[in-house]
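Down below is the structure, laid out as structure tokens.
Just so you know, residue 1 is the first one in the sequence shown, and it goes up from there.
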Amino acid sequence: MDKNMLGDLDNLPEEDKMKMAAMIDQLQIRDSLRMYNSLVERCFTDCVDSFRRKTLDKQEETCVRRCAEKFLKHSMRVGLRFAELNQGAPTQD
């Protein structure tokens, strides 16, 4: 976890800092899992049309790959944009 995220918590006791760090880590893991689940659900729904085989056919596989790439590129772009906007936001000092 990035220690800068806890910068405003310097006045807390060390035990509370550790608890906050653990909570932030849990939230980050939860958000990552939500993004992954959303990606799987969206790409599966958009790309898989039949259940005749255990494996994806070539067209479905290509569709899933493209869908996942687009989803991840979009997520990275949104994250970068959010970071840019967050850097320009006024701080409460």
Give the intermediate values and the outcome of side chain to side chain contact (heavy atoms under 4.5 Å, CB included) for residues R81 and V78. CA-CA 5 Å; R81 184 68 177 132; V78 168; 5.7 Å; no
The reported gap from CG in L27 to OG in S32 (rounded to nearest 0.5 angstrom) is 10.5 Å
Does R77 reach the side chain of K73, with side-chain heavy atoms less than 4.5 Å apart? no
Just how far is it from atom CG of D57 to atom CG of D49, taken to the nearest 0.5 Å? 8.0 Å
Going by the disulfide bond (SG atoms under 2.5 Å apart) test, which pairs reach into residues 13-45, not counting sequence neighbours? C43-C67
Of the non-hydrogen atoms in K17 and L12, which two are nearest, and what is the gap between them? CE-O, 3.3 Å
Atom pair NZ/CG of K70 and D46 - distance to nearest 0.5 Å: 10.0 Å
Would F44 and L56 show up in the same hydrophobic cluster when neighbours are defined by side-chain heavy atoms closer than 4.5 Å? yes
Sorted by chain and number, sequence neighbours left out, salt bridge (Lys or Arg N to Asp or Glu O under 4.0 Å) with E15 holds for K19
All pairs passing side chain to side chain donor-acceptor pair (under 3.5 Å) where residues 59-68 contributes a residue, at least two apart: E61-R65
Check: D16 and P13 side chains under 4.5 Å, non-hydrogen atoms: yes
Quick check on R30: does its CZ atom have over 12 non-hydrogen neighbours (other residues, nucleotides or ligands) under 6.0 Å away? yes
Audit row: T55, R53, side-chain hydrogen bond (donor to acceptor under 3.5 Å, both in side chains) steps and yes/no: CA-CA 5 Å; T55 60; R53 301 185 235 177; 5.2 Å; no
How many angstroms lie between atom NZ of K58 and atom SG of C63, to the nearest 0.5 angstrom? 13.5 Å
If you take all heavy atoms of L39 and A68, which pair is closest and at what distance? CD1-CA, 3.5 Å
